[in-house]
Amino acid sequence: MIFKTRFAPSPTGPLHLGHAYSAMLAHDLARSEDGQFLLRIEDIDQSRSRPHWEEQIYDDLRWLGLRWPESVMRQSDRLAVYDRALDDLWARGLLYPCTCNRKDIAAAASAPQEGAPLHGPDGIIYPGTCRGKRRDTQRPTDIPLRLDMAAAGRVLTGSAQPGAKVGSFHESGAGPNGETGTIPFSLGELTDTIGDVVLSRRDMGTSYHLSVVLDDAAQGITHVVRGQDLFEATHIHVVLRALLGLPTPQYLHHRLIRDDVGKRLAKRDDARAISKYRAEGASPADIRAMVGL
Ligand code: GLU
Ligand code: ZN
């Protein structure tokens, strides 16, 4: 098996220092293992993706000295693949339509008997309002679909016990609390700390979680290198992989590059755009030094 890493930017803004760090780590790791570094354009959010951002990403990555095979995977070409996976999960009774908006979810999650609303990787943990409502035989394509996490866990463990071990992954970096090595997780952890995440958004017909899993598998990625902010989401990805019969890669979650006040860098943080450093005369070596490489 060829050692493969990837960088999977969304072309919705400039490449900033945090992205550059992630891309260089994945690139360097593949090089050091005599493997391959692949690129994937995560453009399922067509309302925010722009061709000029994509061009800028290629240009900045090349300037940083990164090289990748010419065939770049593009999520917007793969909607049929996402559809098939959703059909499969739907047919197995693992998805349900959800018509709640943010306000409904916040209200249901903060009902007096619920205590303070808990947050998971995608925000407030869905309180399950629409779970168990009648489902049509046909999968609806114009309503968000959620994964029934308890049902998924039961499929994977054959048990409904909260302590049942659902899966594990190998972490060669570290999670936000220093988690490293083999990370096992239980059914109860999934339902209590993640909940029923959306797998198909109304406007996209898929979601980050579903697409990233199918695409990493299709590209044969053996080592997923990305920021610690996605450590919790990795649990969702391991579950989806198992449900869809896909092998689990290894994961390397890296520290986040923060700005001076300790905030995580966001794409709108144009002050940290690679293009800005370039315009100011920085060299690729300066960028590497800035992120501690
Ligand atoms: N497109 C995602 C991002 O920009 C990729 C996340 C991942 O590497 O899985 O954050
Ligand atoms: Zn709902």
Side-chain angles (χ1 to χ4, degrees), residues 4-23 25-27 29 37-46 48-49 53-54 57 61 72-76 78 95-109 121-135 140 143-148 169 173 195-202 204 206-217 219 221 223-238 240-241 249-254 256-257 264-269:
K4 282 188 188 167
T5 64
R6 48 71 166 181
F7 178 55
S10 303
T12 54
L15 195 80
H16 62 62
L17 270 187
H19 293 121
Y21 178 55
S22 209
L25 265 187
H27 179 267
L29 185 63
F37 166 74
L38 304 181
L39 201 57
R40 177 169 76 238
I41 298 297
E42 301 217 319
D43 60 348
I44 44 176
D45 187 352
Q46 286 286 318
R48 291 170 57 226
S49 297
W53 289 129
E54 188 175 328
I57 289 170
L61 293 176
V72 170
M73 180 174 277
R74 179 185 297 278
Q75 290 191 322
S76 53
R78 292 178 42 79
L95 304 179
Y96 63 88
C98 172
T99 48
C100 302
N101 59 32
R102 270 173 210 277
K103 257 170 76 185
D104 299 333
I105 295 172
D122 290 352
I124 292 180
I125 295 177
Y126 183 63
T129 320
C130 296
R131 194 192 307 133
K133 281 190 191 162
R134 201 182 61 82
R135 282 171 14 120
I143 305 175
L145 303 177
R146 288 185 182 274
L147 176 67
D148 182 336
F169 59 93
D196 296 353
V197 292
V198 172
L199 287 196
S200 178
R201 298 190 176 273
R202 193 198 311 272
M204 299 179 192
T206 180
S207 61
Y208 160 66
H209 300 305
L210 182 72
S211 297
V212 82
V213 153
L214 290 164
D215 297 346
D216 281 335
Q219 288 191 301
I221 303 304
H223 290 71
V224 172
V225 176
R226 61 187 180 191
Q228 256 166 12
D229 52 331
L230 289 165
F231 180 79
E232 293 304 327
T234 294
H235 297 74
I236 305 170
H237 302 170
V238 174
L240 286 175
R241 291 251 184 183
Q250 293 201 22
Y251 289 88
L252 191 163
H253 293 93
H254 60 71
L256 300 177
I257 304 296
R264 197 186 138 227
L265 285 169
K267 271 186 205 168
R268 58 188 171 281
D269 232 325

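Just follow the structure's listing: the first ligand is 1, and inside any ligand the first atom is 1.
Using a cut-off of 2.8 Å, one finds that Y126 contributes an N/O/S atom close to the Zn ion (ligand 2).
Under the 4.5 Å side-chain criterion, counting only non-hydrogen atoms from C-beta, S211 is not in contact with M204. Proximity of R201 to P144: side-chain heavy atoms (C-beta onward) are nowhere separated by under 4.5 Å.
Relative to the ring axis of Y251, R226 does not place its NZ or CZ within 45° and under 6.0 Å from the centre.
At a 4.0 Å heavy-atom cut-off, ligand 1 touches L230 through the side chain alone.
Salt bridge annotation for R40-D216: present, with a cationic side-chain nitrogen under 4.0 angstrom from a carboxylate oxygen.
Under a 4.0 Å criterion applied to the non-hydrogen atoms of R6, ligand 1 contributes the atoms 7 (C), 8 (O), 9 (O).
Side-chain polar atoms of D122 and Y208 form no donor-acceptor pair below 3.5 angstrom.
In terms of N/O distances under 3.5 Å, ligand 1 is not approached by V212.
Within the structure, the closest approach of Y208 to ligand 1 falls below 4.0 Å when heavy atoms are considered.
With the Zn ion (ligand 2) as the vertex, atom SG of C100 and atom SG of C98 span an angle of 120° (nearest 10 degrees).
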